[in-house]
Amino acid sequence: MEATARAHTNIALIKYWGKRDEKLFLPMNSSLSITLDRFYTTTKVAFDSALKADVFFLNGKPAVDAETTKISRFMDKIRAFAGEKRYAYIESQNEVPIAAGLASSASGMAALAAAAVKALGIEVDGRTLSILARQGSGSACRSIYGGFVEWQKGEKADGSDSHAVPLLSEDDWDLSILSCLVESKQKKISSREGMKRTVSTSPFYKAWLETVETDLAAAKSAIAARDFTMLGRVLEANALKMHATTISADPPFLYWQSATLDVMQGVALLRERGIEAYFTIDAGPNVKVLCERKDEETVYNALSAIPSVREVLVCHPGPGIQYGPFPT
Ligand code: DP6
């Protein structure tokens, strides 16, 4: 009645931006990501009939109420799926720096879904696990697999065809992802809230939907051909389009800080020097820069030299769901 699972974070190259069903976490568009090796969540779940509610420990301490409520709501969905009544002890260890601008919700919800299902002794395939993880946080459905992953939006109202599929394993293309942490004082608008406002108010949202599937197709061709230039161009353009929908929302909002622009310009300068690097940005000010492994050191040095960049964390494609025990 107890199991441990580990899931790694992922970073979207073609963004999931907008829901068609908020309760089931069904997206308006398909998306594409890389799972990262460096950041992950390890979660232990133990069901216990003596418990009157779920108990959640995060990084060795009892979690705050809001976190426990969020986790417990997701556990309710897992219990409904499994026909289970018991509550559980849940212990999560996040190897994701909170300030890294890398969503720990993706790795967190994926690890929780995997550990809970395993603890209940239910055998599930990747597709089923992905559908389950999606209902904790949309991007979590992609963290079930390693390497390059597509989340196919699906068509059905019950979400049974909205799940991730693996495109290329983590060993199949040697890319580097450099996560640039910048200073930020601004209060954050969560991606959940941001995408909701955008869908309902931005006149550009329609244009986002009209072009995102074309971007996805181009990214998939680029990945199949290992064409880094083609992939870089489309991922950068796709990120900018996503952010154009926030600037045009009502009220408008912008995830960028001046340091965000410093990194974007740093990447442009690298390209002027003939070094291929491309950026992407999620619902926060930090910038993730992609390059080929051979250019990693040059790109790292250039980004680290930008005064407004606090730290550059180097990642590579990482694995999908793993089950414990893990060596400590
Ligand atoms: C900008 O998966 O965090 O990072 O489904 O509401 O939990 P919820 O949102 P979440 O949104 C991620 C948005 C994004 C783009 C992406 O990861 O595809």
Side-chain angles (χ1 to χ4, degrees), residues 7-36 39 41 66-67 69-71 73-74 77 94 96 98 100-113 130-145 148-154 159 162-164 167 177 179 188-200 202 205 208-209 212-213 215-216 219 234-247 249 253-256 260 279-288 290:
H8 288 69
T9 55
N10 69 78
I11 157 90
L13 307 184
I14 303 297
K15 306 296 181 190
Y16 148 48
W17 197 242
K19 294 184 181 70
R20 68 174 195 276
D21 183 322
E22 283 177 19
K23 249 173 111 181
L24 288 174
F25 292 76
L26 295 177
M28 292 285 240
N29 62 276
S30 299
S31 55
L32 190 153
S33 61
I34 305 186
T35 303
L36 303 182
F39 306 120
T41 304
E67 279 295 328
T69 305
K70 205 162 103 191
I71 290 298
R73 240 179 247 150
F74 182 41
K77 294 182 185 175
N94 257 342
V96 187
I98 297 293
L102 290 156
S104 59
S105 69
S107 54
M109 295 301 187
L112 178 56
S130 178
I131 288 172
L132 209 51
R134 190 201 73 220
Q135 295 171 68
S137 178
S139 52
C141 80
R142 299 184 307 232
S143 278
I144 300 304
Y145 299 109
F148 290 80
V149 180
E150 178 185 359
W151 173 8
Q152 298 177 343
K153 69 183 170 82
S162 184
H163 57 86
L167 295 177
I177 305 100
S179 184
K188 197 169 143 55
I189 297 176
S190 70
S191 44
R192 201 162 293 186
E193 196 186 323
M195 63 175 86
K196 190 173 169 177
R197 190 188 301 173
T198 303
V199 171
S200 54
S202 169
Y205 193 74
W208 162 261
L209 284 184
V212 66
E213 301 290 336
D215 289 352
L216 177 72
V234 69
L235 77 88
E236 202 171 279
N238 185 265
L240 288 170
K241 272 190 261 184
M242 178 200 122
H243 289 272
T245 68
T246 78
I247 304 168
F253 58 106
L254 180 60
Y255 286 118
W256 308 349
T260 311
F279 65 78
T280 186
I281 306 160
D282 289 313
N286 296 318
V287 185
K288 290 91 179 180
L290 270 84

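Just follow the structure's listing: the first ligand is 1, and inside any ligand the first atom is 1.
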Worksheet entry | Flag, side chain of T246 to backbone of F253, donor-acceptor distance under 3.5 Å |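 Confirmed, T246 side chain pairs with F253 backbone.
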Worksheet item: Do side-chain atoms of Q135 reach the backbone of I131 as a donor and acceptor pair under 3.5 angstrom?
Response: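 Answer holds: yes.
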Discussion item. With a cutoff of 4.0 Å, is R142 in contact with ligand 1, counting heavy atoms of the residue only?
Written reply: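 Per 4.0 Å heavy-atom rule, R142 contacts ligand 1.
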Contact atoms of ligand 1, heavy-atom distance to [X] under 4.0 Å:
X	value
S139	2 (O), 3 (O), 10 (P), 17 (O)
K19	5 (O), 6 (O), 8 (P)
A12	16 (C), 17 (O), 18 (O)
R192	6 (O), 7 (O), 8 (P)

Item to complete: Only one of W256, W17, Y255 passes side chain to side chain donor-acceptor pair (under 3.5 Å) with H243; say which it is.
Response: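 For H243, the side chain to side chain donor-acceptor pair (under 3.5 Å) check succeeds only for W256.
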Worksheet item: Backbone, side chain, both or neither: what part of S31 comes under 4.0 angstrom of ligand 1, heavy atoms only?
Response: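 Neither part.
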Fill in: Neighbour count >12 (heavy atoms, 6.0 Å) for atom NZ, K70
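No.
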Worksheet item: Would one find an N or O of N10, backbone or side chain, under 3.5 Å from an N or O of ligand 1?
Response: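 It does not: no N or O of N10 is found under 3.5 Å from an N or O of ligand 1.
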Fill in: Intermediate values then yes/no, side-chain hydrogen bond (donor to acceptor under 3.5 Å, both in side chains), T35 and N10
CA-CA 4 Å; T35 303; N10 69 78; 5.6 Å; no
Item to complete: Just go through S191, S137, G284 and tell me whose heavy atom is the nearest to atom 7 (O) of ligand 1.
Response: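 It is S137 that holds the nearest heavy atom.
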Worksheet item: Which option out of I281, D282, L13 puts a heavy atom nearest to atom 14 (C) of ligand 1?
Response: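 Looking at heavy atoms only, D282 sits closest to atom 14 (C) of ligand 1.
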Do any side-chain atoms of residues 22-30 form donor-acceptor pairs under 3.5 angstrom with protein atoms, and if so which ones, sequence neighbours left out?
from: N29; atom 1: OD1; to: W208; atom 2: NE1; distance (Å): 3.2
from: N29; atom 1: ND2; to: K15; atom 2: O; distance (Å): 2.8
from: S30; atom 1: OG; to: K153; atom 2: N; distance (Å): 3.0

Discussion item. To the closest 0.5 Å, what do you measure between CD (Q152) and CG (L216)?
Written reply: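 Reported to 0.5 Å precision, the distance equals 8.5 Å.
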